[in-house]
Number of protein chains: 2
Amino acid sequence: MYSKNLIKGTLQTIILKQLEDNGRMYGYEITQRVKELSDGKIEITEGALYPTLHKLEADGIVTTEKEFIGKRVRKYYTLTETGGTVATEKSTELNDFIATIARILQPKPTI
Amino acid sequence: MYSKNLIKGTLQTIILKQLEDNGRMYGYEITQRVKELSDGKIEITEGALYPTLHKLEADGIVTTEKEFIGKRVRKYYTLTETGGTVATEKSTELNDFIATIARILQPKPTI
DNA sequence: TTTGAATACATAAGAAACTTATGTATATTT
DNA sequence: AAATATACATAAGTTTCTTATGTATTCAAA
């Protein structure tokens, strides 16, 4: 696991990217998928996940549908049309940002 | 410029890396160097910079010396021995983190 | 068969790390 | 002379997490 504060600012984009890649997903599924993709290095906490998803819905970036699996409810999230655009934009921006950071962190060449 | 919240969590490491690469630096110099290295995409605000530097000093990661340039004072920051270790560790962690993010953001292969 | 772990949602209090605003002062450029 | 750049600093406010807590179902293991 990375020091907690590294995730700050990137969480929303990570979630949007998952929805972009996988279509319809539910919250818990997103946490598991990200954990898997990051080899256990990124574990999204529920306290961060659900408020973020609720905000995305309030902002019209995702829509939700409830589904019953036995007696247990699942809430599926899907990107809206606007959401698709936002997801792509955010994803591109984060990609650009990490490229910039990588450049800054590049070991100083030993002349 | 990137959306403000992307910098969150990375600022301290960026500062430490600059001190590692360039040795003795003053605050304003760090902002200018990072701006240059990022092609103007990362502008460290003073409200973020100075509290961070003060915290690093309080934590024994850097030491300071004041110097007068004419009538104007400059405060130079240098990594302590502990600070050097911390800088390397943080730098490595951030590098690892962005590699993980890059993997997650990787465009889904069209099968 | 009951206990613990995993699945699945949710919210609230508190902390961290920023932004924005403000202040002071000197030096340089237009 | 005025605007911009250099150079420090702090305070209030916001965002975005963490940590803690709560509810409930399902499954595996002891």
Side-chain angles (χ1 to χ4, degrees), chain A residues 1-16 18 24-36 40-59 61-62 64-77 90 94 97 101, chain B residues 1-16 18 24-36 40 42-59 61-62 64-77 90 93-94 97 101:
Chain A
M1 270 292 281
Y2 299 113
S3 81
K4 301 292 183 186
N5 55 321
L6 277 182
I7 196 82
K8 289 214 178 188
T10 66
L11 179 59
Q12 198 185 298
T13 306
I14 289 170
I15 291 172
L16 290 176
Q18 290 314 304
R24 201 162 164 272
M25 295 180 91
Y26 57 98
Y28 187 75
E29 188 185 9
I30 296 173
T31 66
Q32 297 311 299
R33 185 94 188 93
V34 170
K35 189 176 173 181
E36 203 181 290
K41 288 174 186 168
I42 298 178
E43 291 191 40
I44 303 174
T45 61
E46 295 169 295
L49 175 74
Y50 294 112
T52 301
L53 287 171
H54 299 164
K55 191 182 184 306
L56 289 173
E57 190 181 9
D59 292 348
I61 292 170
V62 297
T64 63
E65 300 165 86
K66 281 184 184 173
E67 198 165 295
F68 276 90
I69 308 296
K71 283 182 185 173
R72 190 154 56 191
V73 73
R74 266 187 201 163
K75 205 167 157 186
Y76 278 94
Y77 291 84
K90 291 252 183 195
L94 183 51
F97 179 72
I101 296 292
Chain B
M1 268 294 281
Y2 299 114
S3 81
K4 302 292 184 186
N5 55 321
L6 278 181
I7 195 82
K8 289 211 181 190
T10 64
L11 179 60
Q12 198 184 299
T13 307
I14 289 171
I15 292 173
L16 290 175
Q18 289 314 303
R24 199 164 165 272
M25 294 180 91
Y26 57 99
Y28 187 75
E29 188 185 9
I30 295 173
T31 65
Q32 297 310 299
R33 185 95 188 90
V34 170
K35 188 177 175 182
E36 202 181 290
I42 299 177
E43 291 190 40
I44 303 174
T45 61
E46 295 169 294
L49 175 72
Y50 294 112
T52 301
L53 287 172
H54 298 163
K55 191 180 183 308
L56 290 173
E57 189 181 8
D59 293 347
I61 291 169
V62 297
T64 61
E65 300 164 85
K66 281 184 184 174
E67 198 167 294
F68 277 89
I69 308 296
K71 283 181 185 175
R72 192 155 56 190
V73 74
R74 264 186 202 164
K75 206 165 155 188
Y76 277 95
Y77 291 84
K90 291 254 181 191
E93 191 194 23
L94 183 51
F97 179 71
I101 297 293

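In what follows, every chain begins at residue 1, and chains take the letters A, B, ... in the order their sequences are listed. What you see below is based on every heavy atom in this structure, not just the backbone, and it leaves out hydrogens, waters and symmetry mates.
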K.L.:
OP1 or OP2 of dT11(C) less than 4.0 angstrom from a side-chain nitrogen or oxygen of H54(A), does that happen here?
P.N.:
yes
K.L.:
Look at R24(A) together with E65(A) and state whether they make a salt bridge at an N to O cut-off of under 4.0 Å.
P.N.:
yes
K.L.:
What distance do I61(A) atom CD1 and I15(A) atom CD1 have between them, rounded to the nearest 0.5 Å?
P.N.:
11.0 Å
K.L.:
In whole Å, I'd like the distance from the OH atom of Y28(A) to the C1' atom of dT25(D).
P.N.:
13 Å
K.L.:
Rounding to an integer number of Å, can you tell me how far D59(A) CG sits from dT16(D) P?
P.N.:
10 Å
K.L.:
Under 4.0 Å: is that the gap between some side-chain N or O of K75(A) and OP1 or OP2 of dA10(C)?
P.N.:
yes
K.L.:
Can you check the K66(B) NZ to dA25(C) C1' distance for me, whole Å?
P.N.:
14 Å
K.L.:
Looking only at side-chain N and O atoms, does Y26(B) come under 4.0 Å of OP1 or OP2 in dA7(D)?
P.N.:
yes
K.L.:
How many whole angstroms separate atom CZ of F68(B) from atom C1' of dA7(D)?
P.N.:
12 Å
K.L.:
Side chain to side chain contact (heavy atoms under 4.5 Å, CB included) for L53(A) and Y77(A)? Distances and angles first, verdict last.
P.N.:
CA-CA 8 Å; L53(A) 287 171; Y77(A) 291 84; 3.7 Å; yes
K.L.:
For E46(A) and P51(A), work out which heavy atoms get closest and say how close.
P.N.:
O-CD, 3.8 Å
K.L.:
Can you tell me how far the CE atom of M25(B) sits from the OG1 atom of T31(B), to the nearest 0.5 Å?
P.N.:
9.0 Å
K.L.:
Pick the closest DNA chain C nucleotide for Y50(A) and for I69(B) by heavy atoms, then say which residue is nearer the 5' end.
P.N.:
Y50(A)
K.L.:
Hey, is E93(B) close enough to K90(B) for a salt bridge, meaning N to O under 4.0 Å?
P.N.:
no
K.L.:
Could you give the CD1-to-P distance, from I15(B) to dA17(C), as a whole number of Å?
P.N.:
12 Å
K.L.:
Output one line per pair: protein atom, nucleotide atom from nucleotides 28-30 of chain C, and distance, for all N/O pairs under 3.5 Å.
P.N.:
none

K.L.:
At what distance, to the nearest 0.5 angstrom, does OG1 of T10(A) lie from CZ of F97(B)?
P.N.:
4.0 Å
K.L.:
What one-letter contact string describes nucleotides 18-24 of chain C from 5' to 3', where B marks a base within less than 4.0 Å of any protein heavy atom, S marks contact via sugar-phosphate atoms alone, and - marks no contact?
P.N.:
SBB----
K.L.:
Please give, in whole Å, the distance from dT18(D) P to I42(A) CD1?
P.N.:
11 Å
K.L.:
Using 0.5 Å steps for rounding, measure from the CG atom of L49(B) to the NE2 atom of H54(B).
P.N.:
8.0 Å
K.L.:
Grab the CD1-C1' distance between I14(B) and dA17(C) for me, whole Å please.
P.N.:
13 Å
K.L.:
Starting at atom CD1 of I30(B), determine the distance to atom P of dA7(D), rounded to an integer number of angstrom.
P.N.:
12 Å
K.L.:
Compare the minimum distances between each of dA25(C), dA24(D), dT16(D) and the side chain of R72(B), then state the nucleotide with the smallest one.
P.N.:
dA25(C)
